[in-house]
There are 2 protein chains.
Amino acid sequence: MLRLSKLTDYAVVVLTRLEEAEEGGVTTAPVLAAATGLAEPTVSKVLKILSHAGLVEGRRGAAGGYRLTRAIAEMPLTEVITAIDGPIALTACVDNTFGLCDAEATCPVRGRWDPVNDAIRRALSGISIADLAAAPAIVPHPEVVAAE
Amino acid sequence: MLRLSKLTDYAVVVLTRLEEAEEGGVTTAPVLAAATGLAEPTVSKVLKILSHAGLVEGRRGAAGGYRLTRAIAEMPLTEVITAIDGPIALTACVDNTFGLCDAEATCPVRGRWDPVNDAIRRALSGISIADLAAAPAIVPHPEVVAAE
DNA sequence: GCAATCTGGACCCAATTGGTCCGGATTGGA
DNA sequence: TCCAATCCGGACCAATTGGGTCCAGATTGC
């Protein structure tokens with residue numbers, strides 16, 4: 001399975017809740033933790049990463065908290081993934097750097113995942129966080145339930 | 001980064017070499033290992049998985065070996081990924097099964113990665129192993145070299 | 001000056017993955 | 001008939017990665 005880190009999942013949740021909770025002001029990490037059901041240190045970590053990427057803005061001090069830098073509708077999913085998981089690429093060998101793979105000389109696919117990566121980047125661009133939040137609610141799969 | 005397992009990478013290499021080496025006959029694992037530069041047990045493992053998925057066919061016995069069940073041009077990349085990494089989905093929560101996530105009640109993105117997964121599946125369908133093998137050879141990135 | 005909050009980092013534990021190995025089954029040839 | 005070569009299925013171990021926690025410091029408002 002194409003693993004995406006859990007942190008990215010959390011980030012989407014946190015961003016969504018953050019927009020809901022926002023009333024022009026800031027929201028603290030503990031409040032977001034309570035709203036999402038996640039552990040506070042984890043939420044804090046996610047927010048720190050997102051802050052570093054410029055997706056949210058942290059304000060220190062007594063009345064501090066976090067604030068979105070823009071609406072989640074204007075926030076492409078790719079930016080969140082890139083912020084947390086790093087550049088979008090399927091394999092480590094994909095960036096054409098040298099000296100990583102000891103089978104370099106005989107490896108016939110070195111640097112050839114590019115079309116795949118491009119395809120994925122194209123597929124992901126155009127999807128915003130708001131698109132995820134606005135997706136239809138969960139529909140239980142009857143066959144899954146019945147199979148057990 | 002959207003990590004894809006190394007085994008998948010190996011699989012593409014092995015399949016490519018397998019088609020090159022094929023002359024109507026079968027190819028043994030040790031021969032493929034030598035041709036790819038990979039360790040023999042690893043190649044064997046990859047072939048076993050691919051065999052289980054029906055992408056290659058193993059023939060036992062003295063004159064045994066492996067054989068492609070079809071040309072790699074007819075072999076979509078998605079099948080290889082699915083065979084080795086499992087179903088193509090970005091997160092573990094994505095299949096709408098229950099009882100996995102303890103924050104289920106408050107998790108606002110449960111089952112909402114579906115559009116993303118669909119987009120990726122669409123992007124990947126239509127890419128065959130042959131497309132990867134036929135991609136232009138590695139062009140060293142001058143800026144990377146110059147940067148060091 | 002104090003309390004509340006973000007910031008940046010180090011740190012540890014668990015899980016997944018990469019990789020190896022072995023016994024058994026099967027097939028072809030001597 | 002026997003033997004060697006090969007695939008097959010599984011168990012097994014080591015290591016890297018990621019999830020998660022915590023703490024000291026900086027900043028801000030009261």
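Residue numbering restarts at 1 for every chain, and letters A, B, ... go by the order of the sequence lines.
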State which of [options] makes the closest approach to the side chain of [X].
| X | options | value |
| --- | --- | --- |
| A/Arg59 | C/dG28, C/dT7, D/dG29 | D/dG29 |
| A/Thr28 | D/dT6, D/dG19, C/dT5 | C/dT5 |
| B/Lys6 | C/dG19, C/dC6, D/dG29 | C/dG19 |
| B/Tyr66 | D/dT28, D/dC8, D/dG19 | D/dC8 |

Please report the distance, rounded to the nearest Å, between [atom1] in [X] and [atom2] in [N].
| X | N | atom1 | atom2 | answer |
| --- | --- | --- | --- | --- |
| B/Leu38 | C/dG18 | CG | P | 13 Å |
| A/Arg60 | D/dG29 | CZ | P | 12 Å |
| A/Ile49 | D/dT21 | CD1 | P | 14 Å |
| B/Leu47 | D/dC8 | CG | P | 9 Å |
| A/Ile84 | D/dG20 | CD1 | C1' | 14 Å |
| A/Leu50 | C/dC6 | CG | P | 14 Å |
| B/Lys45 | C/dT20 | NZ | P | 10 Å |
| A/Glu57 | C/dT5 | CD | P | 18 Å |

| said: For B/Val80, run the side chain to side chain contact (heavy atoms under 4.5 Å, CB included) check against B/Ile129, B/Asp9, B/Val46 and tell me which one passes. | reply: B/Ile129

| query | For the side chain to side chain contact (heavy atoms under 4.5 Å, CB included) test, which of A/Thr8, A/Val12, A/Leu7 pairs with A/Tyr10? | reply |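 By the side chain to side chain contact (heavy atoms under 4.5 Å, CB included) criterion, A/Tyr10 pairs with just one of A/Thr8, A/Val12, A/Leu7: A/Leu7.
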
| remark: Assert: residue with more 5' nearest nucleotide on DNA chain D, out of A/Tyr10 and A/Ala63, is A/Tyr10

| said: Quiz question: going by heavy-atom distance under 3.5 Å, is there a donor-acceptor pair between the base of D/dG10 and the side chain of B/Lys48? | reply: yes

| query | If you group Ile, Leu, Val, Met, Phe, Trp and Tyr by side-chain heavy-atom gaps below 4.5 Å, do B/Val43 and B/Ile49 land in one group? | reply |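 Yes, it is one cluster - the side chains of B/Val43 and B/Ile49 are joined through contacts under 4.5 Å.
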
| message | For B/Ser44, give me all partners under side-chain contact (heavy atoms from CB on, under 4.5 Å), at least two apart in sequence or on another chain. | response | B/Lys48

| side-chain contact (heavy atoms from CB on, under 4.5 Å) partners for B/Arg122, two or more places apart | B/Asp118, B/Ala119

| said: Please classify the nucleic acid contact of A/Ser51 as base, sugar-phosphate, or nothing, using heavy-atom distances under 4.0 Å. | reply: sugar-phosphate

| Is any side-chain nitrogen or oxygen of A/Thr42 closer than 4.0 Å to OP1 or OP2 of D/dT21? | yes

